[in-house]
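Quick notes on the structure that follows.
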Amino acid sequence: MEIITNKDSESQQKYIAFEGFQELVENLDNANDLRPLNMWRPLLDISQTSSDPKLRFFAGWVIGSAVYNNAIAQKDCVDLHGLNILIDRFAIEEELEVKTKILFAISGLILHNLDSFNVFIQKQGFDLIKKELVPYSPDALSQLASKTSLESDSRKLNPYCLQNRILFLLKSLVTFIEYDEKPTAAVSQEKQIALTAAEIIVTKGILSTVLEITFENRINGVEAASEESTDLIEKALYFIRSLAGLIKKFPTQFRDLMDMSLRKRILSVLIQFTKEPKRDGYWDLSEEDGVELVKDCLNKMKK
């Protein structure tokens, strides 16, 4: 951290230090040492105010790695208003990859944590991510795909990186699995998060937007095909499968929330993918796992 915060350090020195830092905090003990070593505040400051997008990128990555499945680090970050800082930065961040890493950090704080999840709702988090679920024009897609990734000069930017991260978050939020070894309070909290998230996703039109940008635009040939867009479709299928599983598990909560027209729209899209798992190179779901994923979604959506 001394190298990263030292004004006399060269940018490349800071990047190298951050790469090593990110690997270190993947270890729970190292992540838990951030608070006693007073490292949380400079990390959050960099993510919030640094003029260097690559430093903001690394700060988001380190924070996300530190809080991933780590209740102690999550509390340490939230106690310093880290979630509020990250959501505020996400709202104004212009760099796609930086925004993706910030959302990675936000996800680690709100999954399985009802208090943090409620903060995300209060700060209009779902509205913020919905704004990012927009189709790309061919020119915009080409421009993004030509950029170099902040992570490595040898890699190109994945134009769908943020939308992939959003779909992964949505899928994680609506996934509810009961384990016998889980404390009753934890199960109740995760159930509340899943049901509340699902209600917001449907009522705010996020589900409809996902259907449009991932499936319908490709079925209708509106958006060009690519390997990256195939990954996006797969993540959307996983999200819909988890949502459909939640609806099947708690049908009374969704009886009035999800009307028949929306159910039919989902089924129509999934049936299209089942009949034509590979179409003109737009996607490649012809592999067994892709077809099985679609069929699983269909089975869960049927009444």
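Worth saying up front: this structure is predicted, and the values here are computed from it rather than measured. Numbering starts at 1 and runs along the sequence shown.
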What are the two closest heavy atoms between [X] and [Y], and how far apart are they?
X      : Y      : result
Met39  : Phe21  : SD-CZ, 3.8 Å
Leu55  : Ile46  : O-CG2, 3.6 Å
Ile193 : Ile110 : CD1-O, 4.2 Å
Glu26  : Ser65  : CG-CB, 4.2 Å
Ser47  : Leu86  : OG-CD2, 4.1 Å
Leu243 : Ala198 : CD1-CB, 3.7 Å

Atom pair [atom1] ([X]) and [atom2] ([Y]), whose distance is rounded to the nearest 0.5 Å:
X      : Y      : atom1 : atom2 : result
Lys75  : Ser116 : NZ    : OG    : 11.0 Å
Leu157 : Thr100 : CG    : OG1   : 8.0 Å
Arg89  : Asn84  : CZ    : CG    : 15.5 Å
Leu44  : Cys77  : CG    : SG    : 5.0 Å
Gln253 : Leu246 : CD    : CG    : 8.5 Å
Ile213 : Leu133 : CD1   : CG    : 4.5 Å

Query - Identified side chain to side chain donor-acceptor pair (under 3.5 Å) partner of Asp88 from the options Lys123, His81, Gln48 - result: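 Running side chain to side chain donor-acceptor pair (under 3.5 Å) over Lys123, His81, Gln48 with Asp88 returns exactly one hit, Lys123.
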
For a 4.5 angstrom cut-off between non-hydrogen side-chain atoms, does [X] reach [Y]?
X      : Y      : answer
Leu207 : Ile266 : yes
Leu170 : Val210 : yes
Arg265 : Leu211 : yes
Thr196 : Phe117 : yes
Ile102 : Ile87  : no
Leu173 : Phe126 : yes
Pro42  : Ile4   : no
Ser11  : Asp52  : yes

Strictly distance-based, threshold 3.5 Å: is any side-chain N or O of [X] a donor or acceptor partner for the main-chain N or O of [Y]?
X      : Y      : result
Lys156 : Ser146 : yes
Tyr68  : Ser107 : no
Ser242 : Thr175 : no
Glu97  : Leu150 : yes
Gln192 : Gln189 : no

Requested in this report: Report the C-alpha distance between Leu169 and Leu111 in whole Å, list the side-chain angles of each, state the deciding distance to 0.1 Å, and finish with yes or no for side chain to side chain contact (heavy atoms under 4.5 Å, CB included).
Outcome: CA-CA 8 Å; Leu169 172 60; Leu111 291 173; 4.1 Å; yes

Contacts table for residues 28-37: side-chain donor-acceptor under 3.5 angstrom, sequence neighbours left out:
unit_1	atom_1	unit_2	atom_2	d
Asn30	ND2	Leu24	O	3.0
Asn32	OD1	Asn70	ND2	3.0
Asn32	ND2	Leu28	O	3.3
Arg35	NH1	Asp76	OD1	3.0
Arg35	NH1	Asp79	OD2	3.1

Query raised in the report: Are the charged groups of Lys99 and Glu132 less than 4.0 angstrom apart, N to O?
Result: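 Yes, charged N to carboxylate O under 4.0 Å.
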
Query - Carboxylate-amine/guanidinium proximity below 4.0 Å for Glu93 and Arg56 - result: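 Salt bridge: yes.
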
Following the transitive rule for hydrophobic clusters with a side-chain heavy-atom cut-off under 4.5 Å over Ile, Leu, Val, Met, Phe, Trp and Tyr, establish whether [X] and [Y] coincide in one cluster.
X     : Y     : result
Trp40 : Ile3  : no
Leu80 : Ile72 : no
Leu43 : Ile16 : no

Requested in this report: May I ask you to check whether over 12 heavy atoms, not counting those of Gln13, lie within 6.0 Å of atom CD?
Outcome: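 Enclosed: over 12 neighbouring heavy atoms sit under 6.0 Å from CD of Gln13.
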
Report task. For atom NZ of Lys54, decide whether the heavy atoms of other residues, nucleotides or ligands shown that lie under 6.0 angstrom number more than 12. Result ->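 Buried by this count: over 12 neighbours within 6.0 Å.
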
Requested in this report: Verify whether the ring centers belonging to Phe168 and Phe239 lie closer than 6.0 Å.
Outcome: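 When the ring centroids of Phe168 and Phe239 are compared, they turn out to be at least 6.0 Å apart.
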
Query raised in the report: After noting the C-alpha distance and the side-chain angles of Glu2 and Asn6, does the key distance pass the side chain to side chain contact (heavy atoms under 4.5 Å, CB included) rule?
Result: CA-CA 6 Å; Glu2 290 182 7; Asn6 189 337; 5.9 Å; no

Report task. Determine, stepwise, if the pair Asp231 / Tyr160 fulfils side chain to side chain contact (heavy atoms under 4.5 Å, CB included). Result -> CA-CA 9 Å; Asp231 293 338; Tyr160 296 101; over 6 Å; no

Query - Cation-pi, Tyr238 ring and Lys235 (6.0 angstrom, 45 degrees) - result: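 Judged by the rule, Lys235 and Tyr238 form no cation-pi pair.
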
Requested in this report: Anything under 30° is parallel, anything over 60° is perpendicular, the rest tilted; go ahead and classify Phe58 against Phe18.
Outcome: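 Parallel: the ring planes of Phe58 and Phe18 meet at under 30°.
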
Requested in this report: Could you give me the CA-CA distance, side-chain angles and deciding distance for Arg155 and Thr148, then say whether side chain to side chain contact (heavy atoms under 4.5 Å, CB included) is met?
Outcome: CA-CA 6 Å; Arg155 295 176 57 183; Thr148 301; over 6 Å; no

